[in-house]
Amino acid sequence: GVESLMRIPPSVLKKHNTREDAWSVFNGKVYNITAYLPFHPGGEKELMRVAGRDGTKLFASTHAWVNVDFMLDTCLVGFLVSEPSL
Ligand code: HEM
């Protein structure tokens with residue numbers, strides 16, 4: 001359920017930027033894209049450009065017609081939130 005999903009600030013997101021552990025953000029939702037990397041029709045290298053970052057803009061500029069919510073539903077980790085202030 002939604003209550004088990006995490007609230008992820010940019011500082012946590014950017015640690016997940018390797019082929020073995022890649023997270024990215026699309027429309028405010030954080031996905032673990034690691035398992036999908038070898039299956040991306042546009043190639044692993046293209047997809048790795050958004051690892052550890054917000055991929056919303058690059059995704060929209062390459063294929064806005066692809067339904068990422070549907071495709072990566074089981075890879076949803078949580079929601080991007082702003083950095084907590086100290
Ligand atoms: C192609 C999914 C992220 C670049 C595709 C296609 C799918 C897909 C389904 C085939 C589309 C079609 O033929 O109509 C995804 C998913 C992503 C993602 C689920 C997020 C996890 C990205 C990102 C980039 C990118 C961030 C760019 C940095 C491309 C390119 C193609 C492509 C260039 C075209 C490949 C070709 O036709 O030769 N992607 N994509 N994708 N994707 Fe992605």
Side-chain angles (χ1 to χ4, degrees):
V2 73
E3 61 285 349
S4 68
L5 294 168
M6 291 192 276
R7 291 163 52 85
I8 300 143
S11 60
V12 173
L13 172 68
K14 72 181 181 192
K15 291 177 183 165
H16 302 269
N17 65 348
T18 67
R19 283 185 52 193
E20 293 72 37
D21 175 27
W23 290 7
S24 187
V25 177
F26 305 100
N27 302 316
K29 293 178 174 178
V30 181
Y31 294 95
N32 184 335
I33 59 173
T34 315
Y36 182 67
L37 283 168
F39 301 102
H40 179 229
E44 188 167 319
K45 201 176 154 207
E46 283 292 291
L47 194 45
M48 275 305 293
R49 288 171 62 192
V50 299
R53 309 178 28 205
D54 193 325
T56 307
K57 279 183 189 158
L58 266 176
F59 185 89
S61 65
T62 45
H63 37 45
W65 59 89
V66 173
N67 190 334
V68 63
D69 273 330
F70 178 76
M71 286 189 63
L72 296 184
D73 184 54
T74 58
C75 306
L76 184 62
V77 177
F79 301 96
L80 186 68
V81 296
S82 52
E83 209 59 45
S85 46
L86 296 173

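When a ligand or atom number is given, it counts from 1 through the structure's own listing order.
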Original post:
What is the number of protein N, O or S atoms that sit under 2.8 Å away from atom 43 (Fe) of ligand 1?
Top reply: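 Near atom 43 (Fe) of ligand 1, the number of protein N, O or S atoms below 2.8 Å is 2.
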
**OP:** Please report the C-alpha distance between L72 and Y36 in whole Å, then the side-chain angles of each, then the deciding distance to 0.1 Å, and finally whether the side-chain contact (heavy atoms from CB on, under 4.5 Å) criterion is met.
**Re:** CA-CA 8 Å; L72 296 184; Y36 182 67; 4.1 Å; yes

Subject >> F26 heavy atom under 4.0 Å from ligand 1 >> reply: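 The answer is yes: ligand 1 sits under 4.0 Å from a heavy atom of F26.
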
Residue, atom name and distance, where the atom is the protein heavy atom closest to [atom]:
atom: atom 19 (C) of ligand 1; result: Y36 CE2, 3.6 Å
atom: atom 13 (O) of ligand 1; result: W65 NE1, 5.0 Å
atom: atom 26 (C) of ligand 1; result: V50 CG1, 3.5 Å
atom: atom 21 (C) of ligand 1; result: L72 CD1, 3.3 Å

Subject >> Flag side-chain contact, heavy atom, 4.5 Å: D69 against K29 >> reply: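 Result yes, sub-4.5 Å side-chain heavy-atom pair found.
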
Original post:
Quick one: does S24's side chain have a donor or acceptor within less than 3.5 Å of a partner on R53's backbone?
Top reply: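 Confirmed, S24 side chain pairs with R53 backbone.
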
Original post:
Any link between M6 and V12 through a network of hydrophobic side chains (Ile, Leu, Val, Met, Phe, Trp, Tyr) touching at under 4.5 Å?
Top reply: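 Cluster IDs for M6 and V12 match.
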
Subject >> Pairing residues for E20 by the side chain to side chain donor-acceptor pair (under 3.5 Å) criterion, not counting sequence neighbours >> reply: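 Result, side chain to side chain donor-acceptor pair (under 3.5 Å) vs E20: none returned.
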
Subject >> Protein contact for atom 38 (O) of ligand 1 (heavy atom, distance under 4.0 Å) >> reply: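 For atom 38 (O) of ligand 1 the answer is no, since every protein heavy atom stays at 4.0 Å or beyond.
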
**OP:** Walk me through it: do F59 and N27 pass the test side-chain contact (heavy atoms from CB on, under 4.5 Å)?
**Re:** CA-CA 10 Å; F59 185 89; N27 302 316; 6.0 Å; no

**OP:** Considering the heavy atoms of L58, write down every atom of ligand 1 situated less than 4.0 Å from one of them.
**Re:**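 Counting atoms of ligand 1 from 1, those under 4.0 Å from L58 are 28 (C).
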
Subject >> For W23, the option from I33, L80, N32 that meets side chain to side chain contact (heavy atoms under 4.5 Å, CB included) >> reply: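 That would be N32; it is the only one of I33, L80, N32 passing the side chain to side chain contact (heavy atoms under 4.5 Å, CB included) with W23.
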
Original post:
Roughly how far, to the nearest 0.5 Å, is the NE2 atom of H40 from the CE atom of M71?
Top reply: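 It comes to 8.0 Å.
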
Original post:
Side chains of D73 and Y31: donor-acceptor distance under 3.5 Å anywhere?
Top reply: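 No donor-acceptor contact under 3.5 Å links the two side chains.
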
